[in-house]
Amino acid sequence: ETQPDTFPTFLVGSGEDGVQRTWLWAGRRLYYIDAASTVQPVMIGGAAFEAPNEITSAAWFKGTGDSHRYLYIALGASTDGLKFDADLLGAPTMSTVSGSKAEVLAVHDNRLWRSLSGVVNYSTNGSSWAGTTGEVGDSSYPVRALLSWNGALWAGCIDGLFKITYTTGT
């Protein structure tokens with residue numbers, strides 16, 4: 001069954017091939033803008049990539065031990081996220097990251113942060129999560145956005161904007 005796409009969300013970055021591109025996602029699809037300023041679908045194995053669930057967020061992150069950044073893709077609270085190498089000059093690969101369910105992603109302080117069911121925590125390698133902060137704001141409102149700004153991580157919820165505090169050594 002085909003579902004209509006949502007409004008596109010844009011993100012700039014580069015992965016394994018080192019080429020800086022504008023990327024966008026809408027619905028279950030991931031796209032990029034090519035050198036001719038044309039929107040192209042990401043092709044994996046000769047077919048246009050389609051995620052198993054709606055893409056809710058994405059962030060470029062280079063985890064501990066990685067040689068380049070990957071595009072981490074959030075698919076909501078019920079589906080493990082994806083890790084995309086963005087190697088469009090070679091053979092691009094997309095893999096599922098077990099245990100990486102997330103609704104919102106952001107990078108702050110060399111960590112990949114996620115929101116899952118109102119709880120915000122982080123990963124240094126993109127696959128194991130630590131630093132549970134407890135629920136943000138009123139637990140009946142989900143975190144809608146995470147933002148690294150002015151040296152702090154912020155969580156945006158319907159009931160307010162909250163500064164996430166944590167110990168940088170842990």
Side-chain angles (χ1 to χ4, degrees), residues 1-117 119-131 142-148 153 155-156:
E1 173 181 312
T2 302
Q3 295 184 2
D5 284 341
T6 58
F7 290 107
T9 302
F10 294 84
L11 184 67
V12 175
S14 62
E16 185 173 2
D17 66 16
V19 178
Q20 187 87 346
R21 293 182 179 89
T22 299
W23 301 85
L24 54 148
W25 70 87
R28 295 175 180 229
R29 302 282 178 143
L30 181 63
Y31 306 90
Y32 67 97
I33 299 177
D34 67 13
S37 298
T38 304
V39 175
Q40 299 289 340
V42 167
M43 305 295 282
I44 304 286
F49 166 74
E50 185 170 331
N53 204 355
E54 293 274 326
I55 299 172
T56 60
S57 185
W60 289 103
F61 178 66
K62 181 181 176 184
T64 306
D66 287 338
S67 59
H68 57 84
R69 294 189 307 165
Y70 288 87
L71 184 62
Y72 283 82
I73 301 171
L75 300 174
S78 63
T79 307
D80 281 331
L82 302 171
K83 181 179 178 180
F84 177 51
D85 69 0
D87 184 11
L88 298 184
L89 299 179
T93 60
M94 184 84 66
S95 58
T96 300
V97 182
S98 181
S100 67
K101 294 173 179 67
E103 296 155 327
V104 181
L105 296 172
V107 174
H108 174 73
D109 198 21
N110 296 319
R111 299 167 187 201
L112 179 63
W113 291 83
R114 73 172 177 181
S115 169
L116 179 62
S117 301
V119 173
V120 175
N121 54 16
Y122 68 87
S123 176
T124 58
N125 63 11
S127 61
S128 13
W129 300 91
V143 174
R144 298 282 187 204
L146 290 172
L147 173 67
S148 177
L153 180 68

Undergrad: So which heavy atom on Val19 is nearest to which on Ser14, and how close?
TA: O-CB, 3.1 Å
Undergrad: Can you give me the closest heavy-atom contact between His108 and Trp113, atom names plus distance?
TA: O-NE1, 3.0 Å
Undergrad: I need the minimum non-hydrogen distance between Ala106 and Leu153, along with the two atoms involved.
TA: CB-CD1, 4.5 Å
Undergrad: Just by distance, do the side chain of Asp109 and the backbone of Arg111 share a donor-acceptor pair under 3.5 Å?
TA: no
Undergrad: Does the side chain of Asp34 reach to within under 4.5 Å of the side chain of Tyr32, using non-hydrogen atoms?
TA: yes
Undergrad: Check the orientation of Trp23 and Phe84. Use parallel for under 30°, tilted for 30 to 60°, and perpendicular for over 60°.
TA: perpendicular
Undergrad: Measuring from atom CG of Leu105 to atom CG of Leu146, what distance do you get when rounded to the nearest 0.5 angstrom?
TA: 8.0 Å
Undergrad: For Ala48 versus Arg29, what's the shortest heavy-atom pair and its separation?
TA: CB-NH1, 3.1 Å
Undergrad: Would the distance check show the side chain of Thr124 and the main-chain N or O of Thr64 forming a donor-acceptor pair, the cut-off being under 3.5 Å?
TA: no
Undergrad: List the atom pairs, donor and acceptor, that lie under 3.5 Å between side-chain atoms in residues 86-95 and the rest of the protein, sequence neighbours left out.
TA:
{"unit_1": "Asp87", "atom_1": "OD1", "unit_2": "Gly90", "atom_2": "N", "d": "3.1"}
{"unit_1": "Thr93", "atom_1": "OG1", "unit_2": "Asp85", "atom_2": "OD2", "d": "2.9"}

Undergrad: Measuring from atom CZ of Phe10 to atom CG of Leu24, what distance do you get when rounded to the nearest 0.5 angstrom?
TA: 5.0 Å
Undergrad: Leu30 vs Leu71, test: side-chain contact (heavy atoms from CB on, under 4.5 Å). Steps then yes/no.
TA: CA-CA 11 Å; Leu30 181 63; Leu71 184 62; 4.1 Å; yes
Undergrad: How long is the straight-line distance from CG of Asn53 back to CG of Asp80, given to the nearest 0.5 Å?
TA: 11.0 Å
Undergrad: Measuring from Lys101:NZ to Leu75:CG, what's the distance to the nearest 0.5 Å?
TA: 10.5 Å
Undergrad: When you compare the side chain of Leu112 with that of Trp129, does any pair of heavy atoms fall below 4.5 Å?
TA: yes
Undergrad: Which atoms form the tightest heavy-atom contact between Ser128 and Ser123, and what is the distance?
TA: O-OG, 2.9 Å
Undergrad: Out of curiosity, Glu103 CD to Arg114 CZ, how far, rounded to the nearest 0.5 Å?
TA: 9.5 Å
Undergrad: Are side-chain heavy atoms of Trp25 and Leu11 found at a separation under 4.5 Å?
TA: yes
Undergrad: Working to the nearest 0.5 Å, report the span between CD of Glu16 and CG of Asp66.
TA: 10.5 Å
Undergrad: Testing the basics here: between Val143 and Ala155, what is the closest heavy-atom pair and its distance to 0.1 Å?
TA: CG1-CB, 4.1 Å
Undergrad: Assign the ring pair Tyr70 / His68 to parallel, tilted or perpendicular, where the plane angle (0 to 90°) is split at 30° and 60°.
TA: tilted
Undergrad: Applying side-chain contact (heavy atoms from CB on, under 4.5 Å) to Phe49 and Leu82, what does each step give before you reach the verdict?
TA: CA-CA 12 Å; Phe49 166 74; Leu82 302 171; 3.4 Å; yes
Undergrad: Kindly say whether Ile33 contributes a backbone atom to a donor-acceptor pair with the side chain of Thr22 at under 3.5 angstrom?
TA: no
